[in-house]
Amino acid sequence: MGSAEMCRDLAPEIDRLLRASNSYIKKKAALCAVHIVRKVHELGELFAPAARSLLTEKNHGVLHGAVVLITELCERNPEALERFRKTVPDLVQIMKGLVISGYSPEHDVAGISDPFLQVRILRLLRILGRHSETASDAMNDLLAQVATNTDSTKTVGNAVLYETVLTVLDIKSESGLRVLAVNILGRFLLNNDRNIRYIAMMSLQKIVGTDHNAVQRHRGTIVDCLKDHDASVKRRALELSLALVSASNIRSMMKELLLFLSSCPPELRAQTASGIFNAAERYAPSQRWHIDTILHVLTTAGGDVRDETVPNLIQLITNTSELHCYTVHKLYRALLTDISQQPLVQVACWCIGEYGDLLLKGECQETEPAQVTEDDVLDSLETVLQSHMSAPATRGFALTATMKLSTRITDNVDRIRSIVSIYGSCIDVELQQRAVEYNALFKKYDHMRAAVLERMPVIEKNSLGQTNGESAVEAIKAVQPATVKQGEPPLPLQPANQVCDLLDLLGGSEEPLQPSSVQSGTASGLPINNSSTAGGDLLDLLGGFEPTPAAPAPAVTVYEKDGVNLTLLCEKHSDSGLTVTLTASNSNDSDISSFTLQAAVPKSVQLHMKAPSGDFLPARGAAKVTQMVVLNNPNKVNLKMRVRISYTSQGSACQDTVQIDSFPGL
Amino acid sequence: MRFLLLFSRQGKMRLQKWFMPLTEREKKKVMRDMMMLVLARPPRSSNFLQWRDLKIVYKRYASLYFCAALEEHDNELLALEVLHRYVELLDKYFGNVCELDIIFNFEKAYFILDEFLMGGEVLETSKIAVGVSMEEADTLQEQTMEEYMSKPAY
C-alpha cells in the first residue's frame with residue numbers, strides 16, 4: 001500500500017519494532033519490512049542485522065516473517081546473499097526440528113509440521129545454495145531427509161516435496177540427490193491428481209535441457225498425458241513432448257503427436273503443427289517419411305500451419321527427385337478427396353503442374369499407380385480454380401499448373417488454351433495478368449513455351465529469403481536457373497546490392513544502372529551493376545531471348561591469366577543494342593569453383609547480365625561457362641566495359657579485373 | 001500473492017483482497033477476467049491456470065470459488081494449502097461456515113484474512129494464534145460497544 005516516501009519515513013520505526021518484545025508486533029513488522037524492501041530496495045541494508053537476529057525466535061509467525069524478509073534481501077542484493085550464507089546451518093537446524101519433531105497441534109497440517117514455514121525455508125535455502133558449493137553441501141543431508149520422509153499422500157506433503165525438488169535441482173547438489181529429485185517428479189507424473197501431474201510437467205520442462213536423459217525415462221507417461229481431458233495438462237504435455245523428441249524416438253513420438261493433432265483443442269493446433277515440422281526437419285529418418293508426415297499434418301490441420309510451410313515443402317519435394325512419382329500420386333489423391341485445406345491444395349497443384357507427366361504415365365514403384373487420364377487431371381485443377389473455397393493464391397497456383405501441363409500432356413492442349421483465355425477476363429487482377437501472359441505464350445511465343453515451362457531445377461534453401469511463393473517468378477526462374485546461387489561471391493561490395501536487385505526481381509521492375517550504396521571505392525567511378533535481374537515481366541524476358549543471329553563475329557580473348565581464359569563475342573541485334581557473350585574456360589590442372597563475372601559500363605549505357613550457364617570450371621578445359629550480357633547504348637557513347645572475374649581455386653579466392661575497350665563486331 | 005478473490009457460482013463477488021496497487025478500472029477488469037476463466041472450467045480439471053504472467057490457483061468450496069494469483073516463483077501446491085487454511089479459519093470462527101456467514105459478516109472475514117495474510121505472504125502459521133487474535137479483537141469490540149451503549153444519550 002504505502003508509497004516510496006512513506007516507506008522511507010517509516011523504515012526506522014519499523015526497524016525499531018522489529019526488536020520489540022511483543023511477537024505479535026514483530027511478525028507484523030517483519031512483513032512490513034518485506035514490503036518496504038520491495039518498494040525501496042536500498043533500505044534493505046537497514047533491516048539486515050535485525051533480520052539475522054530474528055532467526056533465533058521460537059514463535060513460528062515471527063520466524064516465518066524473518067525468513068520471508070531474508071529471502072527478499074537476498075534476492076535483491078548479492079552482498080546480503082553472501083552474508084546470509086552463514087545462516088545456512090541455522091536454517092538447516094530449524095528445518096530438521098520441524099521435520100523430526102513430534103506432533104504439534106498448533107502448526108500441524110495433516111501430519112506435516114508447519115508446512116508454510118518449511119516451504120519458505122526450503123526456498124531460502126535454494127537461493128542461498130544456488131551458486132555455492134559449501135552451502136549446497138551443508139544442505140544435502142537435510143534435503144535427502146525431507147525428500148524421503150515426507151508423507152506424499154496429501155497435497156500438503158506434495159507441496160513440501162515439490163519445493164524440495166525445486167531446491168535440489170537448483171543448487172549444486174550431488175548426482176544421487178538429483179536422481180532422487182527426478183524420481184520424485186516421475187512419481188508425481190503417475191499420481192492420479194491432475195494438479196500434481198501438471199506441477200510435475202512444469203518442473204520437468206525446466207530441467208529437460210540439463211537432465212535430458214532422466215526426463216526421457218518418463219517419456220511414456222508424458223505422452224499419455226497428451227490424452228488427458230484437461231486443457232492445461234495437455235498444453236504442458238505438448239511442450240514437454242516436443243522437447244523430448246530425439247533421433248531415436250522420432251517415429252513413435254510422431255505417431256503420438258499426429259494423433260494428438262487430430263484431436264487437440266484449436267488453440268494448440270498451430271503450436272503442435274509447427275512443433276511437428278521442426279521435429280520432422282531435424283530428425284526425419286527418411287525423405288519419404290518426412291514428406292508423408294508433412295502431408296499428414298496438412299490434411300489434418302492445414303488451416304493452422306504457417307505460410308512458409310508451402311515453399312518449404314515444395315523445396316523439399318524438388319530435392320527428393322526419386323520420390324517425385326510417389327509424391328505426385330499421393331497429392332493427386334489428396335486433392336481428389338478434399339480441396340478445403342489451402343496449403344495442401346497449393347502444394348498439390350504445384351506438383352501436378354511440375355510432374356503431371358509422371359502421374360499420367362501410370363506406373364509408380366512406391367505406391368499403387370492411379371489410372372489417370374489427362375481429362376481427370378485437368379478436371380481436378382479446374383475444380384480448384386472454380387471453387388469458392390480456394391484462396392486467390394491457390395487459384396494462381398492452379399492456373400500456373402494448368403499452363404505447365406500444356407507442355408507435359410499431348411491431347412488436351414486446346415482445353416488448356418480455352419481455360420487460360422477464360423481467365424484473361426477474370427476479376428482478380430493477379431489471375432488476369434497471369435492468364436494474359438500465358439495466352440501470349442500460346443499465341444506469339446509458342447516456340448518458347450517448352451523452354452519456359454520446363455522442369456524446375458533444384459531450389460537452394462534460404463536463398464536470401466526469395467522463396468518461390470510467387471508462381472510467376474517461378475516461371476522466370478525456370479529459365480534462369482537459381483540466379484540466387486550466384487549470390488555468394490566472396491566480395492565485399494555485393495551483399496546489399498544483390499539483395500536490392502533480387503527484391504526488384506520479385507517486383508519485376510526495370511533495373512537501370514544503380515549506384516550501389518555499399519560502393520567501396522571503385523576508382524573508375526563506373527557504377528557497378530552485377531545484378532542478375534530478369535528485367536521486367538515475362539514478355540520482356542522473352543524479348544531478350546531473341547535467337548542470336550547466325551553470323552558470328554570472331555571471338556576475342558580479353559583475359560588470360562593463371563590458366564583462366566575469357567573470350568568475348570559480340571552481336572549487334574538492333575541499332576543501339578548489343579549482345580556480348582563471355583565464355584570462360586580453365587586450362588589449369590585443378591578445378592575452379594564459384595566462378596562469377598561482374599560488369600560495369602559507362603553511365604549512359606544500360607546493362608543486363610543474363611544468368612551464367614554455371615559457376616564451375618572443370619580442369620583442363622573440360623567444360624566452359626558462358627554468360628550473356630545485353631547492352632543498350634542509346635547515346636552511342638564510346639563503349640567500354642570493365643569485367644571483374646572472381647573464383648575459388650584450390651581453396652583460395654582470387655579476383656581480377658579486365659577492361660575491354662574495343663568490341664569486335666561493333 | 002498478488003490478489004485473492006472470492007466469488008459465487010453465479011458470478012457475485014464476495015471478497016476481494018488486493019496485494020498490489022491497481023486502479024479501480026483495472027481491478028474490475030481483472031475480476032471479470034478471473035470469473036470468466038474460472039467459471040468456465042470443467043469440474044474435474046486441474047486447479048492451476050496461466051493468465052498473463054501470473055499463475056492462477058483456484059479451489060471450489062461448496063458454492064464459492066477461492067481464487068488466488070501467484071507470481072512465477074511461488075509454490076502452487078502451497079497456495080492451495082493457504083486457501084484451505086483460510087477456509088479452516090473461517091470455519092473455526094463462524095462454526096460450520098457457509099456463504100451466508102461471509103455475506104453478512106464480511107468485515108469479520110476480512111479481519112481473519114488480515115490476521116492470516118499480509119502483503120501477500122502468510123503472516124501467522126498457527127491456527128490457534130489467529131483464533132486468539134480474533135477473540136481479542138471481538139472482546140475489544142464488545143467492550144467498546146458496551147461502553148457506548150451505557151453512556152446516557154443527550
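For the numbers below, each heavy atom of this structure counts, side chains included, while hydrogens, waters and symmetry mates do not. Just so it is clear: chains get the letters A, B, ... in the order the sequence lines come, proteins before strands, and each one is counted from 1.
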A.B. asks: Against chain A, label B/R44 side chain, backbone, both or neither, depending on which of its atoms sit under 4.5 Å from a heavy atom there.
C.D. replies: both
A.B. asks: Can you say whether A/R38 sits under 4.5 Å from chain B via the side chain, the backbone, both, or neither, judging by heavy atoms?
C.D. replies: side chain
A.B. asks: So what's closer than 4.5 Å to chain A heavy atoms on B/H84: side chain, backbone, both or neither?
C.D. replies: neither
A.B. asks: About how many Å separate OG1 of B/T125 and NE2 of A/H64, when rounded to the nearest 0.5 Å?
C.D. replies: 6.5 Å
A.B. asks: Who among B/M20, B/R85, B/K127 has the most heavy-atom pairs with chain A under 4.5 Å?
C.D. replies: B/R85
A.B. asks: Output all residues satisfying salt bridge (charged side-chain N to carboxylate O under 4.0 Å, His left out) with B/E26, sequence neighbours left out; order by chain, then residue number.
C.D. replies: none
A.B. asks: Please classify the contact between B/E115 and chain A as side chain, backbone, both or neither, with a heavy-atom cut-off of under 4.5 Å.
C.D. replies: side chain
A.B. asks: To the nearest 0.5 Å, what is the distance between NZ on B/K59 and OG1 on A/T155?
C.D. replies: 7.0 Å
A.B. asks: By a 4.5 Å heavy-atom criterion (distance strictly below it), what part of A/H60 contacts chain B: side chain, backbone, both, or neither?
C.D. replies: both
A.B. asks: Is it the backbone or the side chain of B/L78 that comes under 4.5 Å from a heavy atom of chain A, or both, or neither?
C.D. replies: both
A.B. asks: Counting only heavy atoms from other residues, nucleotides and ligands, does the tally under 6.0 Å from NE2 of B/H73 exceed 12?
C.D. replies: yes
A.B. asks: Taking only residues two or more places apart in sequence or in another chain, which ones pass salt bridge (charged side-chain N to carboxylate O under 4.0 Å, His left out) with B/E147?
C.D. replies: none
A.B. asks: What residues of residues 24-32 of chain A sit under 4.5 Å from chain B when only non-hydrogen atoms are counted?
C.D. replies: A/Y24, A/K27, A/K28, A/L31, A/C32
A.B. asks: Sort B/V82 into side chain, backbone, both or neither according to what part of it lies under 4.5 angstrom from a heavy atom of chain A.
C.D. replies: both
A.B. asks: Would you indicate whether A/K154, at its atom NZ, is surrounded by more than 12 heavy atoms from other residues, nucleotides or ligands within a distance under 6.0 Å?
C.D. replies: no
A.B. asks: Measuring from atom CG of A/L166 to atom CG of B/N75, what distance do you get when rounded to the nearest 0.5 angstrom?
C.D. replies: 7.0 Å
A.B. asks: Relative to chain B, which segment of A/N158 carries a heavy atom at a distance below 4.5 Å: side chain, backbone, both, or neither?
C.D. replies: both
A.B. asks: Of all the heavy-atom pairs spanning B/Q50 and A/Y198, show the shortest one and how long it is.
C.D. replies: OE1-OH, 4.5 Å
A.B. asks: Should we count OH of B/Y110 as having more than 12 external heavy atoms under 6.0 Å?
C.D. replies: yes
A.B. asks: Does A/R120 reach the side chain of B/E121, with side-chain heavy atoms less than 4.5 Å apart?
C.D. replies: yes
A.B. asks: So which of B/I128, B/V57, B/N47 has the largest heavy-atom pair count under 4.5 angstrom toward chain A?
C.D. replies: B/N47
A.B. asks: For A/V119, is it the side chain, the backbone, both or neither that has a heavy atom under 4.5 Å from a heavy atom of chain B?
C.D. replies: side chain
A.B. asks: When heavy-atom pairs shorter than 4.5 Å are enumerated against chain B, which of A/I196, A/L117, A/L63, A/N195 gives the highest number?
C.D. replies: A/N195
A.B. asks: Report, as yes or no, whether the 6.0 Å neighbourhood of atom CZ on B/F111 holds more than 12 heavy atoms from other residues, nucleotides or ligands.
C.D. replies: no
A.B. asks: Give the table of side-chain donor-acceptor pairs shorter than 3.5 Å for residues 199-208 of chain A, with sequence neighbours excluded, one pair per line with atom names and distance.
C.D. replies:
residue : atom : partner : partner atom : Å
A/S203  : OG   : A/I199  : O            : 2.8
A/Q205  : OE1  : A/L240  : N            : 3.4

